[in-house]
Amino acid sequence: MPDSNGASNFIRDIVLADHAAGKHGGRVVTRFPPEPNGYLHIGHAKSICLNFGLAQDVPGGVCHLRFDDTNPTTENPEYVQSIQEDVRWLGFDWGKNRFFASDYFERLYDHAERLIRKGKAYVDSLSADDMRTYRGTLTEPGTNSPYRDRPVEENLDLFRRMRAGAFPDGAHVLRAKIDMASPNINLRDPVLYRIRHAAHYRTGTAWCIYPSYDYAHPLSDAIEGVTHSVCTLEFEDHRPLYDWVVAECETADRPQQIEFARLNISHAVMSKRRLLELVEKKLVAGWDDPRLPTIKGLRRRGYTPEAIRAFCDHIGVGKRDAVVEMQLLEHFIREDLNTRSPRVMAVLKPLKIIIDNYPEGVTEDLDAINNPENPAAGTRKVPFSRMLYIEQDDFLEEPPKEFFRLAPGREVRLRYAYIIQCTSVTKEPSTGRIAELHCTYDPETRSGASQAQRKVKATIHWVSAAHAVSAEVRLYNQLLIADQTKLPAGHDWTTYLNPQSLEVLTGCQVEPSLKDTSPGSAYQFERLGYFCADPDSKSGSPVFNRTVSLKDAWAKIHKVKGSR
RNA sequence: UGGGGGAUCGUCUAGCGGUAGGACGCCAGCCUUUGGAGCUGGCUACCUAGGUUCGAUUCCUAGUCCCCCAGCCA
């Protein structure tokens with residue numbers, strides 16, 4: 001069923017059909033089940049939008065937030081905290097339905113003993129290496145472990161002693177007794193429990209055996225009454241095992257696993273392993289570095305939850321591997337910010353100009369439109385005075401044919417102000433670099449005045465030198481790698497990172513209205529792009545992160561396109 | 001050469017028996033107190049080969065290619 005934009009969501013179709021047919025008694029319960037071993041990224045956003053969206057699609061639908069914390073060595077409370085913040089920030093609410101797989105450890109254990117009694121699970125004492133050998137290969141069947149036929153009582157005794165801490169790590173595991181000859185390797189007696197003498201961030205040292213994903217996940221779903229358990233494609237092979245666990249444990253609820261294709265974004269580092277490596281090697285400032293596609297990184301860049309949700313809605317939910325272009329994500333943040341972000345003037349690389357015929361000590365407050373797309377945003381006053389800054393790129397001493405901005409003798413309009421003419425160029429004696437420009441202005445050309453309609457070939461932005469606020473601007477690129485899916489074997493992927501991923505511009509001049517900007521708010525700097533006042537900046541002066549440039553703005557500026 | 005999935009514009013994605021639509025992107029033009037935004041027009045696709053059919057992207061058959069699986073990770 002196509003949504004407003006035409007993107008498909010086959011899982012929604014299934015859920016809607018099940019709901020209409022009265023399956024599961026008409027209940028719809030989904031869950032977002034992150035392992036708290038890292039920060040959430042845009043790929044998780046797809047899953048979050050999907051699962052919470054499904055619950056919203058039917059009356060009475062609910063979506064749980066469940067932490068799949070069955071591996072004590074990788075998980076910690078910081079991640080739990082950040083995950084919750086991000087889900088909320090994205091605009092979703094799990095209400096009272098926050099769960100932890102670790103809360104089910106006792107019940108999971110009970111079910112395991114029952115499986116043993118049913119003869120459906122056994123304690124294996126093979127080493128990890130031997131177990132691998134016995135498992136066979138993709139093309140050859142496995143072999144039964146010599147421990148496979150241990151009597152139930154011995155299994156029970158061993159398993160209880162495993163729990164009691166009688167054995168070191170790796171001495172034994174609990175395995176499901178299914179079929180060592182199955183063509184599906186996941187069914188060749190998968191491990192249900194392993195011994196790990198490690199402290200868990202929630203259960204401490206209460207346990208030294210921990211359930212595996214394949215055992216804990218389906219059971220946790222069933223315990224919570226989840227009806228539709230949505231996961232990614234790589235778990236398709238696990239579905240028979242998922243169903244086996246649910247069936248053999250004879251739970252009241254029988255959840256259904258449905259798989260979809262995970263999100264890939266071109267040129268973005270999306271694997272948790274790599275993100276963690278970037279953070280740990282301090283190649284980025286942290287999980288919230290604006291160069292990362294983490295939710296927190298996107299937030300610092302000025303991405304809005306609305307834009308991310310619209311993006312997730314647009315890309316659809318299917319089963320084919322797909323790589324979405326970064327430009328599509330950027331399109332959605334532009335579209336969103338275009339309607340809501342105020343336009344302001346800022347000069348990233350200042351060039352001082354002096355209006356020689358403008359009186360000294362005089363300041364005019366000129367009216368500027370806050371958002372042409374939204375008249376309700378109103379206007380603001382921008383101070384104008386004798387000494388101004390313009391963008392270095394807006395002046396060329398020897399302009400080529402196609403350059404229509406300021407040059408010696410040339411006229412140009414200052415946005416919301418006057419038409420000025422460049423009369424002379426002053427250079428630094430030592431370096432020969434341009435120090436400042438002298439200009440004259442035409443008083444009749446002020447906005448609204450008699451000559452205001454006079455046409456000139458270009459309009460440029462500016463700020464008053466005496467009133468401007470000095471700011472730091474950080475131009476972030478995404479961290480690029482050559483091809484995230486086809487990294488040559490044996491290469492250190494970090495060598496593929498974009499070396500120009502961060503450019504810090506100090507001494508930028510922004511209009512005074514930005515002096516006390518609220519953290520996290522986004523602006524459109526005229527012609528320069530969208531910028532977000534860094535939500536977490538500790539600096540005294542304003543710091544702006546580039547959200548995304550105006551569409552192709554940089555390329556066009558440098559192309560010095562011809563007349564308009 | 002085992003099993004499980006998947007193949008429609010450059011990219012995502014509709015159509016599921018009547019010869020392909022949308023979005024991103026790109027190109028051209030219009031407009032503009034910035035070249036942004038907006039507007040107009042254009043661009044390129046049904047994996048291959050057979051078959052069924054008046055007619056197939058849609059059905060059948062055989063291939064091809066891509067992805068996933070041999071953690072006591074999730």
Side-chain angles (χ1 to χ4, degrees), chain A residues 2 5-8 33-35 37 68 70-71 73-74 124 126-128 131-133 135-142 169-175 182-188 190-196 209-210 212-214 216-217 231-240 259 261 266 272 314-316 318-332 334 338-339 343 369 371-373 391 394 404-405 412-417 419 445 447 452-461 485 524-529 549-553 556-557 559-564:
Chain A
N5 118 81
S8 73
E35 183 189 11
N37 67 348
D68 242 344
T70 57
N71 183 354
T73 58
T74 57
D124 198 351
L126 248 27
S127 70
M131 206 183 292
R132 183 158 40 245
T133 308
R135 189 156 33 230
T137 67
L138 293 178
T139 52
E140 302 155 34
D169 287 7
H172 308 281
V173 292
L174 184 73
R175 301 179 74 177
S182 172
N184 182 343
I185 291 182
N186 296 299
L187 263 20
R188 318 239 264 231
V191 169
L192 267 24
Y193 269 90
R194 72 277 203 186
I195 301 171
R196 275 260 207 298
I209 58 171
Y210 292 90
S212 64
Y213 166 88
D214 282 315
H217 199 91
C231 64
T232 43
L233 248 29
E234 65 267 29
F235 294 108
E236 271 180 316
D237 288 344
H238 296 238
R239 197 191 324 137
E259 310 84 11
S266 65
K272 260 190 188 173
H314 179 93
I315 56 178
K319 298 196 71 156
R320 57 184 145 204
D321 301 310
V323 182
V324 177
E325 290 178 337
M326 183 69 76
Q327 291 98 305
L328 189 61
L329 214 209
E330 295 186 335
H331 161 75
F332 281 96
R334 275 196 203 97
N338 184 40
T339 62
R343 274 57 169 172
I369 296 165
N371 188 338
E373 314 292 319
E391 205 68 60
D394 285 342
F404 290 100
R405 283 166 278 160
V412 83
R413 171 172 286 283
L414 297 178
R415 176 80 159 161
Y416 300 123
I419 292 175
T445 56
S447 289
Q453 298 308 309
R454 218 180 94 203
K455 296 289 181 194
V456 287
K457 290 209 168 165
T459 302
I460 63 174
H461 53 273
T485 56
Q524 185 181 133
F525 289 179
E526 294 279 4
R527 211 195 65 209
L528 300 172
S549 9
L550 289 174
K551 204 170 181 177
D552 215 24
K556 280 180 177 166
I557 287 166
K559 198 160 75 176
V560 195
K561 205 180 165 184
S563 63
R564 46 191 171 95

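Remember, it's a predicted structure, so these values are computed and weren't measured experimentally. Protein chains get the first letters and strands the later ones, always in sequence-line order, with residue 1 at the start of each.
For the P atoms, the distance linking B/A49 with B/C54 amounts to 22 Å, nearest Å. When the P atom is compared between B/C12 and B/U57, the two are found 22 Å apart, to the nearest whole Å. B/G63 and B/A74 are spaced 36 Å apart, taking the C1' atom of each and rounding to whole Å. Spacing of C1' atoms, B/G6 relative to B/C39, comes out at 40 Å, to the nearest Å. Nucleotides B/A23 and B/G38, compared at atom P, are 13 Å apart to the nearest Å. Spacing of C1' atoms, B/U48 relative to B/C43, comes out at 26 Å, to the nearest Å. For B/A45 and B/G10, the C1' atoms lie 10 Å apart once the distance is rounded to whole Å. B/C46 and B/U58 have their C1' atoms separated by 10 Å, given to the nearest Å.
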With 3.5 Å as the limit, what N/O pairs link the protein to nucleotides 43-48 of chain B?
none

Distances under 3.5 Å between nitrogen or oxygen atoms of protein and nucleotides 72-74 of chain B:
unit_1: B/C72; atom_1: OP1; unit_2: A/Arg135; atom_2: NH2; d: 3.4
unit_1: B/C72; atom_1: OP2; unit_2: A/Arg135; atom_2: NH1; d: 3.2
unit_1: B/C72; atom_1: N4; unit_2: A/Leu126; atom_2: O; d: 3.0
unit_1: B/C72; atom_1: N4; unit_2: A/Ala128; atom_2: N; d: 3.2
unit_1: B/C72; atom_1: N4; unit_2: A/Gly170; atom_2: O; d: 3.1
unit_1: B/C73; atom_1: OP1; unit_2: A/Arg196; atom_2: NH2; d: 2.9
unit_1: B/C73; atom_1: OP2; unit_2: A/Arg194; atom_2: NE; d: 3.1
unit_1: B/C73; atom_1: OP2; unit_2: A/Arg194; atom_2: NH2; d: 3.2
unit_1: B/C73; atom_1: OP2; unit_2: A/Arg196; atom_2: NH2; d: 2.1
unit_1: B/C73; atom_1: O3'; unit_2: A/Arg194; atom_2: NH2; d: 3.1
unit_1: B/C73; atom_1: O2'; unit_2: A/Asn71; atom_2: ND2; d: 2.9
unit_1: B/A74; atom_1: OP1; unit_2: A/Thr70; atom_2: OG1; d: 2.7
unit_1: B/A74; atom_1: OP1; unit_2: A/Arg194; atom_2: NH1; d: 3.3
unit_1: B/A74; atom_1: OP1; unit_2: A/Arg194; atom_2: NH2; d: 2.8
unit_1: B/A74; atom_1: OP2; unit_2: A/Tyr213; atom_2: N; d: 2.9

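In this structure, B/C43 forms a base pair with B/G25, meeting either the Watson-Crick or the G-U wobble geometry with both donor-acceptor distances under 3.5 Å. Under the Watson-Crick or G-U wobble criterion, with both distances below 3.5 Å, B/A20 has no partner in any strand shown. Under the Watson-Crick and G-U wobble criteria, each requiring two contacts below 3.5 Å, nucleotide B/U33 is left unpaired. For B/U57, there is no paired nucleotide, since no Watson-Crick or G-U wobble pair has both relevant distances below 3.5 Å. Nucleotide B/C65 is matched to B/G6 when pairs are restricted to Watson-Crick or G-U wobble geometry with both distances under 3.5 angstrom.
In plain terms, the two heavy atoms of A/Tyr210 and A/Arg196 that are nearest each other are CE1-O, 3.3 Å. When all heavy atoms of A/Asp237 and A/Asn184 are compared, the closest pair comes out as O-ND2, 2.9 Å. Minimum heavy-atom separation, A/Ser266 to A/Val323: N-CG1, 3.6 Å. The two residues A/Arg334 and A/Ser549 come nearest to each other via the heavy atoms NE-O, 3.1 Å.
The structure places CZ of A/Arg527 at 8.0 Å from CD1 of A/Ile460, a figure rounded to the nearest 0.5 Å. A distance of 11.5 Å separates CG of A/Leu550 from CD of A/Glu330, quoted to the nearest 0.5 Å. Between A/Ser182 atom OG and A/Arg188 atom CZ the span is 6.5 Å, to the nearest 0.5 Å.
For the pair A/Asn371 CG and B/U33 P, the interatomic distance rounds to 17 Å; values are reported in whole Å. Here B/G36 presents its P atom at 14 Å from CG of A/Asp394, a figure rounded to the nearest Å. Between A/Ile315 atom CD1 and B/G22 atom P there is a gap of 21 Å when expressed in whole angstrom units. Straight-line distance from the CD atom of A/Glu330 to the P atom of B/C12: 17 Å, rounded to whole Å. Note: CZ (A/Arg405) to P (B/U33) measures 17 Å, nearest angstrom. Rounded to an integer number of Å, the gap from CG of A/Leu328 to C1' of B/G25 is 10 Å. To the nearest angstrom, C1' of B/G38 lies 19 Å from CZ of A/Arg527. Protein atom CD1 of A/Ile369 is 13 Å distant from nucleotide atom C1' of B/A37, rounded to whole Å.
In B/G71 the O4'-C1'-N dihedral to the base is within 90° of 0, which defines a syn nucleotide.
Qualifying salt bridge (charged side-chain N to carboxylate O under 4.0 Å, His left out) partners for A/Glu526, counting only residues two or more places apart in sequence or in other chains: A/Arg415. When the side chain to side chain donor-acceptor pair (under 3.5 Å) test is applied to A/Glu373, no partner is found at least two apart in sequence or on another chain. Every side chain to side chain donor-acceptor pair (under 3.5 Å) that A/Thr74 has, sequence neighbours left out, goes to A/Glu35.
Salt bridge status for A/Glu391 with A/Arg405: absent, with no side-chain N to carboxylate O gap under 4.0 Å.
With 3.5 Å as the limit, one finds a donor-acceptor pair spanning the side chains of A/Asp68 and A/His217. Using a 3.5 Å distance cut-off with no hydrogens or angles, the side chains of A/Thr73 and A/Asn71 do pair a donor with an acceptor.
In this structure, A/Ala452 reaches the bases: a heavy-atom distance under 4.0 Å links it to at least one base atom across the strands shown.
Side chain A/Glu325 to base B/G10: a donor-acceptor pair is found below 3.5 Å.
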Practice item. Sugar-phosphate atoms are those with a prime plus P, OP1 and OP2; base atoms are the rest. Using that split, label each nucleotide of nucleotides 1-8 of chain B B, S or - for protein heavy atoms under 4.0 Å, 5' to 3'. Key: -BBSSSSB

Point to revise | Pair A/His172-A/Asp124, side-chain hydrogen bond (donor to acceptor under 3.5 Å, both in side chains): steps then yes or no | key: CA-CA 6 Å; A/His172 308 281; A/Asp124 198 351; over 6 Å; no

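Each of A/Ala322 and A/His461 was assigned the nucleotide of RNA chain B with the nearest heavy atom; the assignment lying further toward the 5' end belongs to A/Ala322.
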